[in-house]
Structures are given as structure tokens and as C-alpha cells.
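Just so you know, these numbers come straight off a predicted model, no measurement behind them.
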Amino acid sequence: MELFQTKLKWVGLLWHGEYLSRLSFFHESKLDCSNAIIAFCGSPPHLRGPMSELARRVIAYSQGESMSFTDIKVEPALTDFSTRVRAFVQTIPYGAVQTYGAVSKAVGSPRSARAVGTVMRTNPVPLVVPCHRVVGTGNRLVGFSAGTGVSLKNQLLKLEGNKEQFVL
């Protein structure tokens with residue numbers, strides 16, 4: 001487990017071997033962040049040694065630097081559909097958005113926009129699998145469980161330089 005402070009408050013990373021299994025962010029304190037990671041994995045994980053490259057990149061991202069996390073290996077999802085959705089969303093470029101419907105079409109299930117929403121709602125590695133870049137039809141900002149919800153989703157899109165007008 002890694003815990004570090006950014007402009008997006010406290011961030012925690014949980015690794016399972018070479019795979020990232022959890023990224024939790026926007027916590028007010030180190031203790032809150034640690035508790036969120038412990039709640040996810042069920043027991044206190046070991047603290048990791050030196051800061052990882054991902055931690056450095058998340059800090060830079062929080063400062064408004066364009067970052068790609070497409071090279072980060074994330075722990076496989078439980079279903080093939082979830083794996084396909086996460087893999088596609090991980091490739092949405094910095095500052096860009098896709099609708100839930102467009103994602104469902106891209107992964108070969110054109111009538112599954114709501115199911116895409118479910119996968120995004122349970123995304124254990126936000127920012128790396130940038131679920132904040134998935135929006136509703138008509139640029140509606142819906143469904144974001146981190147921090148302050150859709151207002152944080154809007155904040156992340158603005159941080160990335162997205163100039164579109166979103167409906168909150």
C-alpha cells in the first residue's frame with residue numbers, strides 16, 4: 001500500500017503483485033485514506049517502500065499535467081464484459097469524454113449503456129481507468145462515487161482542460 005498527498009487530497013494505491021488493485025483518492029487525511037484501502041481489502045496491507053512511478057504520475061496529474069495511465073496493469077475484473085469496458089475506458093485520452101452508450105458500442109454490446117454505468121460505479125482504480133471521462137447523453141455528468149460526486153467529476157474534466165459545457 002502507498003499513501004501520499006496530492007492536490008486531489010490523499011491518495012492510496014494498493015498493489016497485488018504487478019497489478020494495481022485499488023486507487024482511492026480525495027480523502028481528507030492519511031488515516032481516512034488508509035481506512036478506505038483497509039475497507040477494500042479487509043485487512044491492513046503492508047506499506048510499500050519507495051514511491052512508485054504511478055504515485056509520481058498521479059501527483060503530476062493532480063497538478064494539471066497531461067498524463068496517460070494506459071501502461072498500468074490493473075487487476076483483472078470478474079467478468080469478460082467488465083474487463084472489456086475497463087480496457088476501453090483506460091484508453092480514453094486525457095481531456096476527452098465518451099458517453100456510456102458509445103462505450104457500450106465500442107465493447108461490442110450496443111444496448112448495455114446501463115451495464116457500463118455499473119462497471120464504472122464499481123471501478124476500483126479511478127484515474128487509471130478514468131471513469132470520470134464517461135458521461136451521459138447530452139454531456140450529463142452522472143454517476144461518480146468518489147469525493148464530492150459529480151462535482152468532482154466536473155473538476156477532474158476541467159483539470160484536464162476539457163472546455164465542454166456539462167449538465168450537472
Side-chain angles (χ1 to χ4, degrees), residues 1-63 65-94 96 98 100 103-104 106-109 112 114-134 142-150 152-153 155-157 159-160:
M1 172 172 69
E2 292 180 77
L3 303 171
F4 53 96
Q5 198 166 18
T6 74
K7 289 195 175 190
L8 294 172
K9 302 186 181 187
W10 281 90
V11 177
L13 303 176
L14 181 65
W15 297 90
H16 186 243
E18 65 185 68
Y19 295 99
L20 180 66
S21 61
R22 181 74 172 156
L23 185 156
S24 189
F25 76 111
F26 215 73
H27 297 284
E28 293 295 331
S29 70
K30 185 176 185 178
L31 180 61
D32 289 345
C33 189
S34 177
N35 286 340
I37 296 289
I38 291 168
F40 177 77
C41 63
S43 63
H46 296 289
L47 284 174
R48 196 168 169 155
M51 185 178 280
S52 68
E53 175 61 26
L54 176 57
R56 286 183 187 83
R57 287 163 58 188
V58 169
I59 291 168
Y61 171 85
S62 78
Q63 296 168 341
E65 290 185 40
S66 177
M67 286 288 142
S68 171
F69 301 112
T70 57
D71 62 318
I72 303 299
K73 293 180 182 179
V74 298
E75 196 163 53
L78 295 177
T79 68
D80 179 60
F81 177 76
S82 295
T83 299
R84 290 192 329 262
V85 169
R86 286 189 197 171
F88 178 80
V89 170
Q90 195 171 7
T91 67
I92 299 172
Y94 181 91
Q98 291 281 332
Y100 293 95
V103 172
S104 70
V107 300
S109 299
S112 60
R114 286 185 182 200
V116 168
T118 299
V119 173
M120 294 296 88
R121 183 175 64 245
T122 59
N123 176 18
V125 289
L127 304 180
V128 171
V129 173
C131 49
H132 64 280
R133 296 179 190 154
V134 183
V142 293
F144 196 65
S145 59
T148 56
V150 293
L152 178 56
K153 187 173 194 170
Q155 180 183 339
L156 293 172
L157 292 169
L159 174 75
E160 295 181 4

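Taking each heavy atom of Phe4 and Val58 in turn, the nearest pair found is CE1-CG1, 4.0 Å. Pairing each heavy atom of Glu18 with each of Lys73, the nearest pair is OE2-NZ, 2.6 Å. Contact between Ala96 and Leu157 at its shortest, heavy atoms only, is O-CD2, 4.5 Å. Nearest approach of Pro45 to Ile37, heavy atoms of both residues: CG-CG2, 4.0 Å. When all heavy atoms of Cys33 and Ser24 are compared, the closest pair comes out as SG-O, 4.1 Å. Pairing each heavy atom of Val142 with each of Tyr100, the nearest pair is O-OH, 3.1 Å.
The shortest side-chain heavy-atom distance between Tyr94 and Ser68 does not fall under the 4.5 Å cut-off. The closest side-chain heavy-atom distance from Lys153 to His132 is below 4.5 Å. In this structure, Met51 and Ile59 have side chains that are in contact, with non-hydrogen atoms separated by less than 4.5 Å. The shortest side-chain heavy-atom distance between Phe25 and Thr6 does not fall under the 4.5 Å cut-off. For the pair Thr118 and Arg114, the minimum side-chain heavy-atom distance is 4.5 Å or more. Counting heavy atoms from C-beta outward, Tyr19 and Val74 have side chains that stay 4.5 Å or more apart. Inter-residue side-chain proximity for Val128 and Leu54 is flagged as met; some heavy-atom pair is nearer than 4.5 Å. Contact annotation: the side chain of Leu31 never approaches that of Trp10 to less than 4.5 Å [non-hydrogen atoms, C-beta and beyond].
Between Arg133 and the choices Glu160, Gln98, Gln90, the side chain to side chain donor-acceptor pair (under 3.5 Å) rule is met once, by Glu160. Among Ile72, Leu23, Val11, the one residue that satisfies the side chain to side chain contact (heavy atoms under 4.5 Å, CB included) test with Leu127 is Leu23.
Listed for the Ser112 side chain is no donor-acceptor partner under 3.5 Å among the backbone atoms of Ser104. No donor-acceptor pair closer than 3.5 Å links the side chain of Arg22 to the backbone N or O of Met1.
One distance of note links CG of Asp32 with CG of Leu3; it measures 11.0 Å at 0.5 Å rounding.
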Return a table of donor-acceptor pairs under 3.5 angstrom between the side chains of residues 75-82 and protein atoms on other chains or two or more places apart.
| residue | atom | partner | partner atom | Å |
| --- | --- | --- | --- | --- |
| Glu75 | OE2 | His16 | ND1 | 2.9 |
| Thr79 | OG1 | Ser82 | N | 3.0 |
| Thr79 | OG1 | Ser82 | OG | 2.9 |
| Asp80 | OD2 | Arg84 | NH1 | 2.5 |

